[in-house]
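Read the structure below first, then the notes.
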Amino acid sequence: MKLWLFVSKLTIERISDFTFEGLLANMDHRELYFEMHEEKIMLTFKGDITGELVQAIMNSLERRLALVEDNLPVRKRLYSILLECLQNIVHHQADATSNACSAQAGLLLVTSERDGYSVRTGNKISNDKISALRKWLDKLNSLSTEQLRTFYKETLNNREFSEKGTAGLGFIYMTQKTGQRLNYSFEKMSGGCSLFSFNIFVPRKHTSLTVTQV
Amino acid sequence: MEFKLPATPTTPLINFDLAQHYFVVSGRSTLENPFDFYENVNGWLKTNLSMSLPCVTIDLDFEYVNTSSWKCLLETLRKIVDRAESRTGVTLNWFYQQEDDDMRDMGEDFSESLGIPFNFREKPF
């Protein structure tokens, strides 16, 4: 995804003065035109991702999806997954002890592809948070379908909340519902921060795991 | 005694009717931090639902529920269900839109967590 790489690169290099106008000026227009058409950009956003803004972004996605996606379950699934992605970023922001690595200059790109939708997010995180996050994502990626299901049920029923009041189910839900790997990368930035890029693909075909009947 | 909260874009409608032993939660529960919202609901239940009920009917009809809300919601449901004199006295209706397998799956997981069979009610588009 060339556009995404381009946007993230700009963010790393020029986090303070990044604008989409800048992006346009720096990118061949013809190339951008084809990117936007081929990849069918549904939604893009760059800026501070706050709790209030999440609702506005979700409303925007919902309106757009109502026009382009006939399949209600797919629509709802994409909505749910984007919501989890954005709320993860907001939770992280609340967690940031210093402002240096808050969710400022967050990035979001939702594209429609042949077999589904791709959700990409980017946000700054403190370098000392990388190891725990990497461990968590790698663990989820390593689990088999059956193991993931068991782990999800254990987490749902353990009646524990994190200090932030979160349930720890977001990434589990995303990988379980899509049947896809959680793709991510960390790229070092200045000030003890890194850019956490995250990508999840939401297939149009129903890939939900088999549920044991109660 | 009744407890009612209107639906908002991020919080569900709550309609608890103690006289009828009837409890409704419906709509969207998508707050980034839903803890305070459910604490308020649970607080009301704790204060007002002290007696045990011979039968309980719960209608759940959600459009969206984020993962942060799942555990909160389960806690609220446990508070109601635990007041029923027996599990067999609990009627739990889980409404979901036709073909919305994710929402049905969620209902099945909740049913398992609560140890109560749900009535699954499919709604047409």
Side-chain angles (χ1 to χ4, degrees), chain A residues 49-56 58-59 62 70-91 93-94 149 152-153 155-174 176-178 206-214, chain B residues 8-11 27-40 42 62-79 82 87 92 94 96-120 122-125:
Chain A
I49 296 178
T50 61
E52 299 75 38
L53 198 66
V54 168
Q55 196 53 40
M58 295 313 300
N59 290 345
E62 197 170 18
D70 300 334
N71 187 327
L72 181 82
V74 173
R75 221 151 72 194
K76 291 185 74 174
R77 184 177 287 182
L78 177 60
Y79 183 98
S80 299
I81 283 172
L82 180 64
L83 184 64
E84 295 297 329
C85 287
L86 295 178
Q87 291 187 336
N88 268 345
I89 295 176
V90 176
H91 286 316
Q93 188 179 36
R149 178 100 195 122
Y152 154 76
K153 287 199 173 181
T155 313
L156 178 64
N157 293 312
N158 66 14
R159 302 178 85 163
E160 287 168 10
F161 290 89
S162 73
E163 283 171 17
K164 286 170 281 171
T166 57
L169 285 159
F171 285 121
I172 306 178
Y173 172 82
M174 287 188 234
Q176 211 202 1
K177 280 300 164 194
T178 60
H206 191 75
T207 54
S208 179
L209 309 171
T210 314
V211 174
T212 319
Q213 295 292 320
V214 181
Chain B
T8 75
T10 53
T11 58
R28 297 182 175 203
S29 183
T30 58
L31 276 184
E32 171 225 334
N33 188 347
F35 206 72
D36 291 346
F37 176 84
Y38 286 97
E39 272 294 289
N40 179 31
N42 293 346
F62 295 109
E63 191 180 5
Y64 288 109
V65 184
N66 65 349
T67 60
S68 302
S69 296
W70 290 359
K71 287 186 181 182
C72 293
L73 199 52
L74 268 175
E75 287 301 315
T76 298
L77 294 174
R78 283 193 184 103
K79 288 212 168 2
D82 288 349
R87 295 272 149 151
L92 209 152
W94 182 272
Y96 66 102
Q97 259 176 326
Q98 196 181 350
E99 293 178 25
D100 189 357
D101 294 345
D102 288 352
M103 196 50 86
R104 181 172 168 121
D105 287 353
M106 188 184 152
E108 284 174 357
D109 293 337
F110 272 42
S111 172
E112 196 180 320
S113 294
L114 293 170
I116 292 170
F118 285 14
N119 301 319
F120 288 97
E122 200 177 77
K123 301 187 293 182
F125 277 127

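The sequence lines fix the lettering, A, B, ..., with proteins before strands; numbering per chain opens at 1.
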Could you label the plane-to-plane angle of the B/Y64 and A/Y79 rings as parallel, tilted or perpendicular, counting under 30° as parallel and over 60° as perpendicular?
parallel
Test your reading of the model: is there a side-chain donor-acceptor pair from B/K71 to the backbone of A/N158, 3.5 Å cut-off?
no
Electrostatic pair B/D100-A/K76, nearest N-O below 4.0 angstrom
yes
Could you give the distance from CE (B/M103) to OG (A/S80), rounded to the nearest 0.5 Å?
7.0 Å
Does any part of the side chain of B/L74, heavy atoms only, come nearer than 4.5 Å to the side chain of A/N157, both counted from C-beta?
yes
Less than 4.5 Å apart, any side-chain heavy atom of A/V54 and any of B/E32?
no
When you look at B/S68 and A/H91, which way does the side-chain contact (heavy atoms from CB on, under 4.5 Å) test go after all the steps?
CA-CA 11 Å; B/S68 302; A/H91 286 316; 3.8 Å; yes
B/T10 backbone acceptor or donor facing A/Q55 side chain under 3.5 Å
no
Go through it in stages, so that I can follow the logic: the residues are B/D109 and A/Y152, the test is side chain to side chain donor-acceptor pair (under 3.5 Å), and I'd like the CA-CA distance, side-chain angles, deciding distance and then a yes or no.
CA-CA 10 Å; B/D109 293 337; A/Y152 154 76; 2.5 Å; yes
Please classify the contact of B/E63 with chain A as side chain, backbone, both or neither, using a heavy-atom distance under 4.5 Å.
both
Could you please spell out the steps behind the side chain to side chain donor-acceptor pair (under 3.5 Å) verdict for B/N66 and A/E84?
CA-CA 7 Å; B/N66 65 349; A/E84 295 297 329; 5.2 Å; no
Nearest heavy-atom contact between B/D105 and A/K177 is OD2-NZ, 3.1 Å
Under 4.0 Å between a side-chain nitrogen and a carboxylate oxygen: does that hold for A/E62 and B/R28?
yes
Note: vs chain B, highest number of non-hydrogen pairs under 4.5 angstrom among A/L83, A/L156, A/N59 is A/L156
Point-to-point distance, once rounded to the nearest 0.5 Å, from OG1 of B/T30 to CD of A/Q87:
6.5 Å
Applying side-chain contact (heavy atoms from CB on, under 4.5 Å) between A/P73 and each of B/Q97, B/E99, B/Q98, report the one that passes.
B/E99
